[in-house]
Amino acid sequence: RYLRLKILRETGGFTGGAMVINEIRFYSGVIAQQEVLMTSAAKMKSPRTPFPQVVSCSSYQGTDSHCYKAFDGDDSASSAWKTKPVGSRRHVLVDPQWVIVDLGAKRSAHPSSVRITCDAGSSSYGSSSINTSGNGTGSTVPRGCPMTFTVSGSHDMIKYDILYSKDMNEYNNEYGK
């Protein structure tokens, strides 16, 4: 029922460890992957719309940069979750950032991969994304993107099981060539 993306390290580029995440897409399946929130009707239009889905997060800079924007189906520069600058030392966030998607009662998902698109508004970096398979698109390392993160699932929002973990500490340009 609940999916949580917890971010421990970021790629840098914004003051104080702030991140700009344009879109997060969870996929389930192995061979024929299907997006968890796949229909346009299921894309978020506010933190609580469409019902019964709810998106909450650790921080955001303002209502125009709320974390639901990372699930609205728009990966352009005009739609992004912008986290508050919580502090970062060598890309390690002082206060880890997280976002939780509540799919609603009697709904569940077991994502096998995640695609994160970030820094779409940067003319010097271009839009880039990271797939959990490590195959990215874009020109170079984008600013303020997750570098180390986990995807966890829960049925009760108390106990979470780690479904996927990615640590790009030994960074090898996973955001694209």
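- With a 4.5 Å cut-off on side-chain heavy atoms, Phe149 and Leu5 count as touching.
- Here the closest non-hydrogen pair linking His91 and Gly12 is ND1-N, 3.5 Å.
- Between Ile7 and Met19 there is a side-chain heavy-atom pair separated by less than 4.5 Å.
- In terms of heavy-atom proximity, Ala41 sits nearest to Pro50 at O-CG, 3.2 Å.
- Taking CG of Asp167 as the start and OG1 of Thr148 as the end, the distance is 3.5 Å to the nearest 0.5 Å.
- Ser154 places a side-chain N or O within 3.5 Å of a backbone atom of Lys159 that can act as its donor or acceptor partner.
- Under the 4.5 Å side-chain criterion, counting only non-hydrogen atoms from C-beta, Phe26 is in contact with Phe71.
- For Gln97 and Ser58, the side-chain atoms include at least one donor-acceptor pair closer than 3.5 Å.
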Go through the steps to decide whether Tyr2 and Val101 satisfy the test side chain to side chain contact (heavy atoms under 4.5 Å, CB included), and finish with yes or no.
CA-CA 6 Å; Tyr2 302 97; Val101 178; over 6 Å; no
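- Using modelled atom types and a 3.5 Å distance limit, the side chains of Asp72 and Ser79 yield a donor-acceptor pair.
- At a threshold of 4.5 Å between non-hydrogen side-chain atoms, the residues Trp98 and Ser56 count as touching.
- Atom CH2 of Trp81 sits about 11.0 Å away from atom SG of Cys118, to the nearest 0.5 Å.
- Side chain of Asn22 to backbone of Ala80: no donor-acceptor contact under 3.5 angstrom is found.
- Separating the CG atom in Asp74 from the NZ atom in Lys43 is a distance of 10.5 Å, to the nearest 0.5 Å.
- Residues Ala42 and Gln53 come closest through the heavy atom pair O-NE2, 2.8 Å.
- Between atom OG of residue Ser88 and atom CD of residue Glu10 there is a gap of 4.0 Å, rounded to the nearest 0.5 Å.
- Minimum interatomic distance between Pro52 and Leu103 (heavy atoms only, all atoms of both residues): CG-O, 3.9 Å.
- At a threshold of 4.5 Å between non-hydrogen side-chain atoms, the residues Ile162 and Val151 do not count as touching.
- Hydrophobic cluster membership differs between Met44 and Ile100, with clusters built from Ile, Leu, Val, Met, Phe, Trp and Tyr side chains linked at under 4.5 angstrom.
- When atom types are taken as modelled, the side chain of Thr11 and the backbone of Cys145 share a donor-acceptor pair closer than 3.5 angstrom.
- Note on ring orientation: taking the six-membered ring where Trp is involved, the planes of Tyr60 and His66 are tilted (angle from 30° to 60°).
- Side-chain atoms of Pro96 and Lys6, non-hydrogen and from C-beta on, do get closer than 4.5 Å to each other.
- Of all the heavy atoms in Arg90 and Arg9, the pair that sits closest is O-NH2, 3.9 Å.
- Residues Gln33 and Ser112 have side chains that bring a donor and an acceptor to within less than 3.5 angstrom of each other.
- In this structure, Tyr160 OH and Thr150 OG1 are separated by 10.5 Å, a value rounded to the nearest 0.5 Å.
- With a 4.5 Å cut-off on side-chain heavy atoms, Pro111 and Leu163 count as touching.
- The cluster map of Ile, Leu, Val, Met, Phe, Trp and Tyr, joined by side-chain heavy atoms under 4.5 Å apart, puts Val99 and Leu93 in the same cluster.
- Taken to the nearest 0.5 Å, the CG atom of Asp119 stands 11.0 Å off from the CD1 atom of Ile21.
- Tested against Asp102, the residues Arg107, Arg48, Arg1, Arg4 include a single salt bridge (Lys or Arg N to Asp or Glu O under 4.0 Å) partner, Arg1.
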